[in-house]
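Written out below as structure tokens is the structure these notes cover.
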Protein chains: 2
Amino acid sequence: MRNAEFDRQEVLRGAMRAFLVKGYAKTSMQDLTKATGLHPGSIYCAFENKKGLLLAAISQYHDDRSRQFESLFNNDNNPLENLKRYFNNIVQECLSCDATQACLLTKALSEVGEQDEDISQLIHANLFAWQTAIEQVLDKAKSLDLINKQESTQTQAQYLMMGIYGLRTFGHTHPNEEVLQPLADKLLNSLL
Amino acid sequence: MRNAEFDRQEVLRGAMRAFLVKGYAKTSMQDLTKATGLHPGSIYCAFENKKGLLLAAISQYHDDRSRQFESLFNNDNNPLENLKRYFNNIVQECLSCDATQACLLTKALSEVGEQDEDISQLIHANLFAWQTAIEQVLDKAKSLDLINKQESTQTQAQYLMMGIYGLRTFGHTHPNEEVLQPLADKLLNSLL
DNA sequence: AACTTAATTGAATGATCATTCAAGTAGTTT
DNA sequence: AAACTACTTGAATGATCATTCAATTAAGTT
């Protein structure tokens with residue numbers, strides 16, 4: 001036996017960045033060897049092919065984002081304040097104009113989601129998990145009487161997801177705090 | 001002299017559809033000869049190159065959508081009802097699960113907007129024109145006391161744009177009328 | 001009717017692509 | 001220490017890519 005020499009997480013984060021900057025189709029295996037530090041043969045040995053590398057990178061992205069999400073929400077702070085911080089984070093990512101900080105799930109969904117069943121399925125599952133996590137935060141907020149309890153948690157969570165997707169897209173054309181922050185605030189206020 | 005034999009609009013609509021289905025990078029010139037009915041040489045003669053064809057297709061998309069927009073709003077109907085019809089149209093396009101009915105502006109922006117200045121500029125200009133058109137509808141609605149006049153028209157229009165972007169993305173994962181219609185309604189209600 | 005000019009045609013071109021593979025390397029097991 | 005197994009290496013492969021171009025066709029002009 002012999003173990004892989006590379007750090008799988010770092011390799012996947014490199015691939016992630018490459019896909020985020022150039023998009024899936026435009027990112028060549030040559031780009032990926034640079035971004036990952038791996039030779040072509042090693043990539044094929046570890047991830048089967050280019051699509052396998054994308055799938056693994058998407059999973060890594062989801063893991064990283066989930067950890068970030070938990071660190072923001074798995075505490076005893078006011079859930080509404082946590083949510084506010086979360087939205088402000090997203091606004092800041094938009095303002096950075098750094099492709100590397102975009103959402104790989106929606107980016108890949110838009111480019112290849114309709115074309116490939118495997119990719120589509122993985123992204124759907126990850127986005128669904130994300131929605132469930134938001135629902136849990138909203139339920140916590142409801143138990144503390146912080147938000148409107150008339151509307152279904154599911155619809156509220158879906159509305160927030162929709163808003164985040166939209167905010168990120170809108171941020172591409174208006175990377176401007178005075179524009180994005182009010183939109184994020186308005187989105188949050190829709191919960192009250 | 002000799003005029004082009006092809007119908008420029010139909011050629012561009014064919015290219016549009018190809019780009020919407022496969023994405024820009026994945027659409028080959030071979031795909032485009034099939035989609036447009038033109039031979040490679042004719043495409044290069046008329047549009048310079050593949051990127052030129054995308055730029056022309058984006059312009060055609062914007063023209064077509066603008067005409068659709070005007071036919072919906074350039075009348076004496078209740079502007080809020082027009083807006084409601086407009087949103088319902090978008091929901092129906094999401095439900096169709098037809099890549100051909102997606103938004104070429106946001107799709108191209110997501111895939112190549114960050115990579116190419118020319119494409120980015122054209123899309124930004126078209127999206128800005130779109131936002132201005134929505135602002136005019138909102139001003140008309142305000143003059144009839146149909147929506148909230150406290151909030152700035154610009155912010156309201158931006159919020160709707162953001163919502164439409166988000167709705168279209170969310171529609172990819174939930175092509176379901178019972179899900180999308182309430183989100184569209186909630187978006188419109190934010191104007192009141 | 002002859003000339004001019006531009007569009008059309010489709011095969012050819014060279015670049016780049018994802019992928020393969022045989023040789024080399026180094027841990028692990030016996 | 002010998003054998004085994006799996007990872008690494010990077011050049012080679014064949015396919016596909018965007019683009020070019022010389023020949024052909026036909027409309028507009030004189």
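Note on naming: letters A, B, ... go to the chains in the order of the sequence lines (proteins, then strands), and numbering restarts at 1 for each one.
- In terms of position along DNA chain C, the nucleotide closest to B/Gly37 lies nearer the 5' end than the nucleotide closest to the other residue of the pair B/Gly37 and A/Lys26.
- Between A/Ser42 and D/dC7 there is no side-chain polar atom (N or O) within less than 4.0 angstrom of OP1 or OP2.
- Counting to the nearest Å, the C1' atom of D/dC7 and the CD1 atom of A/Ile43 are 14 Å from each other.
- Here the side chain of A/Met29 is nearest to one of C/dT20, C/dA18, D/dA18, namely C/dA18.
- The listed nucleotides are D/dC17, C/dT8, C/dA18; the one nearest the side chain of B/Cys45 is C/dT8.
- A/Lys51 places its NZ atom 11 Å from the P atom of C/dT19, with the value rounded to the nearest Å.
- With C/dC17, D/dT20, C/dT19 as the choices, the nucleotide that has an atom nearest any side-chain atom of A/Tyr44 turns out to be C/dT19.
- For the OP1/OP2 pair of D/dT16 and a distance below 4.0 Å, the side-chain nitrogens and oxygens of B/Gln30 include no atom meeting the criterion.
- No side-chain donor-acceptor contact under 3.5 Å links A/Gln158 and B/Lys186.
- Within a 6.0 Å sphere centred on NZ of A/Lys26, heavy atoms belonging to other residues, nucleotides or ligands number 12 at most.
- The nearest heavy atom of DNA chain C to A/Gly41 and to A/Thr27 marks one nucleotide each, and the one closer to the 5' end goes with A/Thr27.
- One can place NZ of A/Lys22 at 11 Å from P of C/dT16, the figure rounded to the nearest angstrom.
- Separating the CG atom of B/Leu38 from the P atom of D/dT20 is a distance of 16 Å, rounded to the nearest angstrom.
- Between the side chains of A/Ser28 and A/Asp31, a donor-acceptor pair is found at a separation under 3.5 Å.
- Here C/dC17 presents its P atom at 7 Å from CG of A/Asp31, a figure rounded to the nearest Å.
- With rounding to whole Å, A/Phe47 atom CZ is found 12 Å from D/dC7 atom P.
- Summarising the geometry, the separation between NZ on A/Lys34 and C1' on D/dG10 is reported as 15 Å, rounded to the nearest angstrom.
- Using modelled atom types and a 3.5 Å distance limit, the side chains of B/Gln60 and B/Asp64 yield a donor-acceptor pair.
- Atom OG1 of A/Thr36 is separated from atom CZ of A/Phe47 by 8.0 Å, given to the nearest 0.5 angstrom.
- Listed pair A/His39 / D/dG10 meets the phosphate criterion, a side-chain N or O lying under 4.0 Å from OP1 or OP2.
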